[in-house]
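The figures here come from the full heavy-atom set of this structure, side chains too, leaving out hydrogens, waters and symmetry mates.
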Amino acid sequence: VQLQASGGGLVQAGGSLRLSCAVSGRSFNVFVMAWFRQAPGKEREFVAIKKSGDDPNYADSVKGRFTASRDAAKNTLYLQMNSLKPEDTAVYYCALTNKVWAGTYYYYTSPARYNYWGQGTQVTVSS
């Protein structure tokens, strides 16, 4: 399985970006996928999760501003980011696990749950 993230860039506060994560190598529908981000000097943190057939779940810091979605026909996961803030500046990573669902969304907020990662895309929000 390969993940290719794209769509990052430089945007002013209040602006929007849409990240994409293209999946290749396996059937898309059986995976749990997520977005994480990592700012300089900080640990990688959970942003959003999308499990097939379920609505997305979000970190409190992005709830109401970010929307995760998937296009099964294109094998692609998206993250629409609106009302961006300088504190959203980070490298954004998409991640995937093909292991059996553990039962709770909280379990999947840890990066350790994922066995495939994209290469990351930089998002910089200027004030």
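- For the side chain to side chain contact (heavy atoms under 4.5 Å, CB included) test with Thr124, the passing option among Leu84, Thr89, Val11 is Thr89; the others fail.
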Audit row: Val23, Leu77, side chain to side chain contact (heavy atoms under 4.5 Å, CB included) steps and yes/no: CA-CA 8 Å; Val23 180; Leu77 180 74; 5.8 Å; no
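- Using a 4.5 Å heavy-atom threshold, the side chains of Val47 and Tyr93 count as separate.
- Residues Gln2 and Ser24 have side chains that bring a donor and an acceptor to within less than 3.5 angstrom of each other.
- Counted within 6.0 Å of NZ on Lys63, heavy atoms from surrounding residues, nucleotides or ligands total more than 12; the atom is thus considered enclosed.
- Proximity of Tyr116 to Met33: side-chain heavy atoms (C-beta onward) are nowhere separated by under 4.5 Å.
- Contact annotation: the side chain of Leu19 approaches that of Met81 to within less than 4.5 Å [non-hydrogen atoms, C-beta and beyond].
- Using a 4.5 Å cut-off on side-chain heavy atoms (C-beta onward), Thr67 and Leu79 make no contact.
- Of all non-hydrogen atoms in Tyr58 and Ala68, the two that sit nearest each other are OH-N, 2.8 Å.
- Between Ala90 and Ala39, the closest heavy-atom pair is CB-N, 3.8 Å.
- Every residue two or more places apart in sequence or in another chain that forms a side-chain hydrogen bond (donor to acceptor under 3.5 Å, both in side chains) with Asp88 is listed here: Arg37, Arg65.
- In this structure, Trp101 has its ring center closer than 6.0 angstrom to the ring center of Tyr108.
- Val125 places none of its side-chain heavy atoms less than 4.5 Å from the side chain of Lys85.
- Closest non-hydrogen pair, Leu3 versus Gln119, comes out as O-OE1, 3.8 Å.
- Within the cation-pi definition used here (under 6.0 Å to the ring centroid, within 45° of the axis), Arg70 does not qualify as a partner of Tyr78.
- Remark: the backbone N or O of Tyr107 is paired with a side-chain donor or acceptor of Arg113 at under 3.5 angstrom.
- Across every non-hydrogen atom of Gly7 and Leu17, the tightest pair is O-CD2, 3.9 Å.
- Between Phe46 and Ala59, the shortest heavy-atom contact is O-CB, 3.4 Å.
- Scanning for side-chain hydrogen bond (donor to acceptor under 3.5 Å, both in side chains) contacts around Asp54 gives Tyr105, with sequence neighbours left out.
- When all heavy atoms of Gln80 and Ser16 are compared, the closest pair comes out as NE2-CB, 3.9 Å.
- Counting heavy atoms from C-beta on, the side chains of Trp35 and Ile49 never come closer than 4.5 Å.
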Taking it one step at a time, do Thr76 and Asp71 satisfy side chain to side chain donor-acceptor pair (under 3.5 Å)? CA-CA 5 Å; Thr76 301; Asp71 184 331; over 6 Å; no
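- Taking the centre of each ring, Tyr114 and Phe36 come in below the 6.0 Å mark.
- Take Ser6 and apply the side-chain hydrogen bond (donor to acceptor under 3.5 Å, both in side chains) test, not counting sequence neighbours, and it matches no residue.
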When you look at Val91 and Thr121, which way does the side chain to side chain contact (heavy atoms under 4.5 Å, CB included) test go after all the steps? CA-CA 5 Å; Val91 177; Thr121 184; 6.0 Å; no
